[in-house]
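First comes the structure, then the notes that go with it.
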Amino acid sequence: MGFVEELRWRNLLHDITPETEELLNKEMVTAYIGFDPTADSLQVGNMSQVMTLLRFQKAGHKPIAVVGGATGMVGDPSGKSVERNLLTPEVVQFNLEAQKKQIAKFLDFDCGANSAEIVNNYDWFKNFSFLEFIRDVGKHITVNYMLAKDSVQNRLENGMSFTEFSYQLVQGYDFYWLWKHKGVKLQMGGSDQWGNIVTGTELIRRIEGGSAHALTTQLVKKADGTKFGKTEGGAIWLDPKKTSPYKFYQFWVNTSDLEAAMHIRTFSMKNKEEIEAIEKEHNEAPHLRKLQKALAEEVTVRVHSEEALKRALETTEILFGSSFEEFKKLDGEEIEGAFDSDVTYRVSKEIFLNGTEPVGLLGADTQIFPSKGEARKTIQGNGVSLNKEKLNLERKISADDLLYGKYLLVQKGKNKHFLIIAN
RNA sequence: GGGGAGAUAGUCAAGUGGCCAACGACAACAGACUGUAAAUCUGUCCUCUUACGAGUUCCAAGGUUCGAAUCCUUGUCUCCCCA
C-alpha cells in the first residue's frame with residue numbers, strides 16, 4: 001500500500017496537490033514537517049505529525065523534521081484569533097532542544113538513503129539580513145497573495161502585526177531552502193498549515209520555476225469534534241515529567257469505542273489487517289476493551305518505553321484490578337510506587353489520633369479537593385471512596401483506617417486515585 | 001462623518017426597579033446502569049462555609065432610590081445600516 005493510499009485508509013488525508021501521489025509511487029522522495037517550539041514538550045496532538053513522518057519513512061521515503069528556531073521567533077498566526085506574545089530566544093532554544101529529543105525517539109536516523117534528519121531553520125536564517133530577505137524573497141510574493149490566506153483574513157478584523165503577517169513568508173522560505181539545498185520536494189503538515197505550505201510551493205515556482213508539493217493531514221479531534229488531548233488536568237504531554245507514563249496510558253485506555261477506533265488509525269503503526277482484527281475481537285467482547293488497550297500499549301511503548309508500559313500496567317492493575325483485600329497484600333514500597341507524586345499527599349499522623357472529618361482531610365489537609373465545600377459536595381454526591389469503600393460525611397477517619405499505620409487510599413470518582421501518607 | 005443595536009457566570013443565552021447568585025441550553029464534575037465505553041436518567045455547577053449562613057457579581061466609574069443586572073450620566077469596547 002502506497003503512502004498516500006495508507007493515509008487515505010486511515011482517514012488522515014486532508015488535502016494534497018496534484019501529481020504528488022504519482023511522484024511518491026515513482027521514486028524516493030524527501031519531505032519535511034515543521035514543529036513550532038511553543039512549548040517545552042510535544043503533546044499528543046503534535047504526535048500525529050511525528051507519526052506521519054514515521055509512516056513516510058516506513059513507506060521508503062526520507063523524512064526531515066524541521067524545528068522552528070527561526071519561525072518560532074515569529075509566531076504562526078494560523079488558527080489564532082489574537083496576536084501572541086513573542087517567546088524569548090532562550091525559551092525558543094530550550095523548547096526546541098526538548099522537542100528534538102522527543103521527535104528523535106520516533107524516527108530511524110541510520111537506515112541508509114532514507115535516514116531521517118532533524119534540522120533547525122534558524123541555521124539558514126541567522127545570517128540572512130532583513131534587507132536581503134525582503135529583496136530576495138519578498139519580491140517574489142505579492143501582498144495580495146499573502147492577504148488572501150485564511151490565517152490572515154481571519155485576523156483582518158481584529159488586527160495582526162507585521163511580524164505575524166510575514167510568518168508565511170518565513171515558513172515559505174524554509175521550503176524553498178530545503179528544496180534547493182536538500183532536495184525536498186514535499187512539505188506535509190496539519191490541515192491548518194495548507195496556506196503556509198503552498199506559499200512555499202509558490203515561492204519555489206516563482207524564484208526558480210521549480211515544482212514542489214503539499215500534503216496535509218486531518219487534525220486530530222475527539223468524536224464530538226472538540227479539541228483532542230485535553231483532560232481535566234490539562235494537556236497530555238509526551239514529557240514523562242509533565243504527564244506520567246501511567247497517566248499517559250490511562251488517557252488512551254479511557255477513550256470511547258468510537259474514538260479508540262479513530263485514534264488507532266492515527267497513532268498506531270499496525271496495518272489494516274491487524275487493526276481490523278483487533279476491532280473484530282473488540283466487538284465480540286467489548287467489555288475487555290481490547291481496542292483501547294492495544295492502542296494505549298503501543299503508543300505508551302513508542303513514546304516512553306517497554307519498561308514504562310510495564311509499570312503503568314502494574315499500577316493500573318493495583319488501582320483498578322484489585323479489591324482492597326488484594327491491595328493490602330502490597331508492601332509499602334509497592335504502594336508508594338503506584339502513585340505519582342502529584343496524587344500523593346503527606347500529612348501528620350497526629351490528625352488521626354482522635355479521628356478526623358473527611359471534609360477537612362480531603363479539602364484542607366490535602367489538596368485532593370480545592371476546598372472543604374467541594375469535598376463536602378462530592379462526598380454528598382457519593383463520589384468519594386476511602387480504601388475502596390464509599391465515604392459519607394459522618395464517617396470519622398482514624399488511625400485504624402491507615403494501612404500499615406501510614407497509608408490511606410482515596411478515590412475521587414471511579415478512576416482518579418490518591419494516596420495519603422501519614423507520618 | 002450620520003443613524004441604530006449591544007456588552008450578563010466556562011460558552012451560548014433569558015432577565016428591563018424588590019420574588020435575582022440571576023430562567024434555560026451546552027460544556028464540565030459526580031452518582032445509577034455498564035465495559036475505566038456510548039446512550040439514558042439523577043445530582044452539583046460564582047467563592048467560602050459545620051445543608052444555617054456569609055462574601056463578591058451582571059463592561060468601567062460615578063449618580064438617583066429604602067432598594068438597581070434593571071433608571072440616569074460619563075467613559076471603554078463590539079456589531080449593523082447610511083455616507
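Letters A, B, ... are given to chains in the order of the sequence lines, protein chains preceding strands, and every chain is numbered from 1.
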[options]: which one has an atom nearest the side-chain heavy atoms of [X]?
X	options	answer
A:Asp257	B:rA37, B:rU36, B:rU44	B:rA37
A:His287	B:rU36, B:rG35, B:rU44	B:rG35
A:Lys414	B:rA37, B:rC48, B:rU49	B:rA37
A:Gln250	B:rA30, B:rU36, B:rU50	B:rU36
A:His282	B:rU36, B:rU44, B:rG35	B:rG35
A:Ser256	B:rG35, B:rA38, B:rU44	B:rA38
A:Lys416	B:rC33, B:rU50, B:rC29	B:rC29
A:Pro286	B:rU49, B:rC48, B:rG35	B:rG35
A:Thr378	B:rG35, B:rA30, B:rC33	B:rA30

Grab the [atom1]-[atom2] distance between [X] and [N] for me, whole Å please.
X	N	atom1	atom2	answer
A:Glu374	B:rU49	CD	P	9 Å
A:Lys377	B:rU49	NZ	P	9 Å
A:Asn415	B:rA28	CG	P	14 Å
A:Gln380	B:rU44	CD	P	10 Å
A:Arg395	B:rU50	CZ	P	20 Å
A:Lys396	B:rU50	NZ	C1'	10 Å
A:Leu362	B:rC29	CG	C1'	16 Å
A:Glu279	B:rG35	CD	P	21 Å

Between [M] and [N], how far apart are the [atom1] atoms? Round to whole Å, please.
N	M	atom1	value
B:rC71	B:rG1	P	28 Å
B:rA14	B:rG6	C1'	15 Å
B:rC45	B:rA25	P	15 Å
B:rG18	B:rU70	P	11 Å
B:rA7	B:rG67	P	25 Å
B:rU11	B:rU49	C1'	28 Å
B:rA51	B:rU40	P	34 Å
B:rC72	B:rA21	P	23 Å

Check whether any side-chain nitrogen or oxygen of A:Arg376 sits under 4.0 Å from OP1 or OP2 of B:rU49, and answer yes or no.
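The answer is no; no side-chain N or O of A:Arg376 sits under 4.0 Å from OP1 or OP2.
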What is the base-pairing partner of [N], counting Watson-Crick and G-U wobble geometry with both distances under 3.5 Å?
N	result
B:rG6	B:rC77
B:rG24	B:rC12
B:rC71	B:rG63
B:rC29	B:rG43
B:rG35	none
B:rC52	none

Which part of the nucleic acid does [X] contact within heavy-atom distance under 4.0 Å: base, sugar-phosphate only, or nothing?
X	answer
A:Gln292	base
A:Lys390	sugar-phosphate
A:Asn254	base

Straight-line distance of A:Thr71 OG1 to A:Tyr173 OH, nearest 0.5 Å
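Going from OG1 on A:Thr71 over to OH on A:Tyr173, the span is 13.5 Å.
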If you round to the nearest 0.5 Å, how far is CD1 of A:Ile236 from CZ of A:Phe248?
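Output value for this atom pair is 8.0 Å.
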Between [X] and [Y], is there a side-chain N and carboxylate O pair less than 4.0 Å apart?
X	Y	result
A:Lys62	A:Glu117	yes
A:Asp401	A:Arg395	yes
A:Glu326	A:Lys329	no

First encountered from the 5' end of RNA chain B, between A:Gly381 and A:Arg289
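Its nearest nucleotide being more 5', the pick is A:Gly381.
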Considering heavy-atom distances to RNA chain B, does A:Tyr249 or A:Ser371 have its closest nucleotide positioned more toward the 5' end?
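Here A:Tyr249 is the residue nearer the 5' end.
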Taking the six-membered ring for Trp, is the centroid-to-centroid distance between A:Phe320 and A:His417 below 6.0 Å?
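Judged by ring-centre distance (under 6.0 Å), A:Phe320 and A:His417 do meet the cut-off.
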Checking side-chain polar atoms at under 3.5 Å, does A:Gln292 have a donor or acceptor matched by the opposite partner on A:Glu259?
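Per modelled atom types, A:Gln292 and A:Glu259 side chains form no pair under 3.5 Å.
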Lys NZ or Arg CZ of A:Lys412 over A:Phe418 ring: under 6.0 Å, within 45°:
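Negative - A:Lys412 is either too far from the ring of A:Phe418 or too far off its axis.
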